[in-house]
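Following: one structure in structure tokens, then a few remarks.
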Amino acid sequence: MKKLEGKVALVTGAAMGIGAETARVFADAGAWVIACDVAPFDQPGSLYIDQRRLDVSDEASWAEVVSSVLGTYGRIDILLNAAGVIGYDAIDALSLAEWNRIVTVDQTGVFLGMREVLPGMCERGSGSIINLSSDWGVVGGVGVAAYNAAKGAVRSMSQNAAVTYAKQGVRVNAVVPGWIRTPLTDRQPADANERVVGSTPVGHGGEPRDIALGCLYLASDDARFVTGSDLVIDGGFLAV
């Protein structure tokens with residue numbers, strides 16, 4: 001039997017990068033996947049991947065999508081909050097508008113997603129929520145002030161939700177990726193990429209599948225005793 005056979009998974013940021021790869025991995029593992037993004041999808045959906053438009057920063061968009069998914073599938077067993085944006089400004093150069101842009105997607109989007117799916121999960125007595133943080137949610141990066149703050153908050157919110165809803169059968173964990181080759185990192189300044197990859201003990205960056213397989217573990221019953229944890233997948237970056 002496949003690890004996620006018959007489960008319903010909602011994945012944000014699913015048009016590209018880690019979100020897209022994890023949606024495919026979840027579908028291959030037997031899940032019905034609702035792949036959500038505000039960006040257009042490059043590839044069409046499939047029998048097991050249902051593509052929806054979702055602006056994670058918008059309360060009404062979350063309510064509409066979750067209501068529709070529940071109406072179609074009857075439940076949501078897994079939520080992966082993978083949508084994210086980044087900026088490179090240090091605090092003294094950071095405008096309030098840019099701060100709000102990053103925090104609203106990377107932190108508030110995670111909060112809204114959890115808030116929408118938790119009532120149904122608690123009522124059924126089961127569920128797995130996986131929130132993508134970052135190495136830069138654990139240690140400081142040069143510049144990236146708003147991203148640092150938001151990704152650190154994702155870890156704290158995940159721990160809070162884990163202990164709050166554990167007795168209702170809901171598991172909440174954070175995945176902490178290091179440098180992963182995605183469209184986002186492709187757009188980063190080359191010196192920033194070189195600096196992070198150069199500080200990674202294995203000597204190279206990761207691929208979206210490296211993160212997707214970690215998410216599959218946390219989503220599955222193999223991780224039934226895992227909640228409130230940070231799953232670090234970073235080639236040893238945080239161990240230095």
Side-chain angles (χ1 to χ4, degrees), residues 10-22 35-40 53-63 65 79-116 129-161 172-197 199 205-206 208 211 215 230 232-234 237-238:
L10 193 157
V11 177
T12 73
M16 63 189 74
I18 293 169
E21 181 63 21
T22 307
C36 300
D37 211 309
V38 71
R53 186 185 186 282
L54 169 64
D55 179 354
V56 299
S57 69
D58 183 72
E59 186 175 22
S61 185
W62 267 111
V65 168
L79 170 65
L80 171 62
N81 281 306
V85 294
I86 193 170
Y88 303 95
D89 293 327
I91 289 174
D92 65 314
L94 183 61
S95 69
L96 181 58
E98 177 69 351
W99 168 273
N100 287 335
R101 181 185 74 88
I102 294 166
V103 170
T104 301
V105 173
D106 293 356
Q107 179 180 347
T108 305
V110 171
F111 153 68
L112 290 172
M114 290 198 293
R115 192 184 69 177
E116 285 299 318
I129 297 174
I130 305 154
N131 299 321
L132 284 197
S133 181
S134 166
D135 277 353
W136 282 346
V138 181
V139 297
V142 176
V144 298
Y147 186 79
N148 258 158
K151 290 300 187 179
V154 167
R155 294 177 60 236
S156 296
M157 290 194 302
S158 300
Q159 292 168 352
N160 172 273
V172 186
N173 294 285
V175 171
V176 181
W179 192 94
I180 306 296
R181 187 179 305 281
T182 67
L184 185 150
T185 54
D186 287 344
R187 294 192 296 268
Q188 286 184 159
D191 62 334
N193 288 332
E194 291 167 4
R195 184 168 60 248
V196 177
V197 174
S199 299
I211 308 305
C215 293
D230 292 336
V232 178
I233 308 173
D234 71 349
F237 182 89
L238 290 179

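The structure displayed is predicted, hence computed values, not measured ones.
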Discussion item. Tell me whether Thr22 contacts the main-chain N or O of Gly19 through its side chain, where contact means a donor paired with an acceptor under 3.5 Å.
Written reply: no
Item to complete: Measure from the side-chain N and O atoms of Ser133 to the backbone N and O of Val175, and report whether any donor-acceptor pair falls under 3.5 Å.
Response: no
Going by side chain to side chain contact (heavy atoms under 4.5 Å, CB included), name the residues that satisfy it together with [X], two or more places apart in sequence or in a different chain.
| X | result |
| --- | --- |
| Ala39 | Ala15, Met16, Asp37 |
| Ser57 | Asp55, Thr104, Val105 |
| Asp186 | Arg181 |
| Pro189 | Tyr88, Asp191, Ala192 |

Determine whether [X] and [Y] make a side-chain contact, defined as any pair of heavy atoms from C-beta on separated by less than 4.5 Å.
| X | Y | result |
| --- | --- | --- |
| Met114 | Val110 | yes |
| Ile102 | Ile86 | no |
| Thr185 | Gln188 | yes |
| Val138 | Phe237 | no |

Residues two or more places apart in sequence or in another chain: which of them pass side-chain hydrogen bond (donor to acceptor under 3.5 Å, both in side chains) with [X]?
| X | answer |
| --- | --- |
| Trp179 | Asn193 |
| Gln107 | none |
| Arg101 | Glu98 |
| Arg115 | Glu59 |

Which atom names give the shortest non-hydrogen contact between [X] and [Y], and what distance separates them?
| X | Y | answer |
| --- | --- | --- |
| Pro208 | Ile180 | N-CG2, 3.5 Å |
| Pro177 | Asp234 | C-CB, 4.3 Å |
| Leu80 | Cys215 | CD1-SG, 4.0 Å |
| Leu10 | Trp62 | CD2-CZ3, 4.1 Å |

Spatial distance of atom [atom1] ([X]) from atom [atom2] ([Y]) [nearest 0.5 Å]:
| X | Y | atom1 | atom2 | answer |
| --- | --- | --- | --- | --- |
| Trp99 | Ile91 | CH2 | CD1 | 7.5 Å |
| Ile129 | Leu79 | CD1 | CG | 5.5 Å |
| Ile130 | Asn173 | CD1 | CG | 7.5 Å |

Worksheet item: With Cys36, which of Val11, Val56, Val65 fulfils side chain to side chain contact (heavy atoms under 4.5 Å, CB included)?
Response: Val65
When the side chains of residues 145-152 are checked against the rest of the protein, which donor-acceptor pairs come out under 3.5 Å, sequence neighbours left out?
unit_1: Asn148; atom_1: OD1; unit_2: Gly141; atom_2: N; d: 3.1
unit_1: Asn148; atom_1: ND2; unit_2: Trp136; atom_2: O; d: 2.2
unit_1: Asn148; atom_1: ND2; unit_2: Val139; atom_2: O; d: 3.2
unit_1: Lys151; atom_1: NZ; unit_2: Leu132; atom_2: O; d: 3.0

Distance-only donor-acceptor hits, side chain of residues 153-161, under 3.5 Å, sequence neighbours excluded:
unit_1: Arg155; atom_1: NE; unit_2: Asp230; atom_2: OD2; d: 2.8
unit_1: Arg155; atom_1: NH2; unit_2: Asp230; atom_2: OD2; d: 2.7
unit_1: Ser158; atom_1: OG; unit_2: Asn131; atom_2: ND2; d: 2.9
unit_1: Ser158; atom_1: OG; unit_2: Val154; atom_2: O; d: 2.7

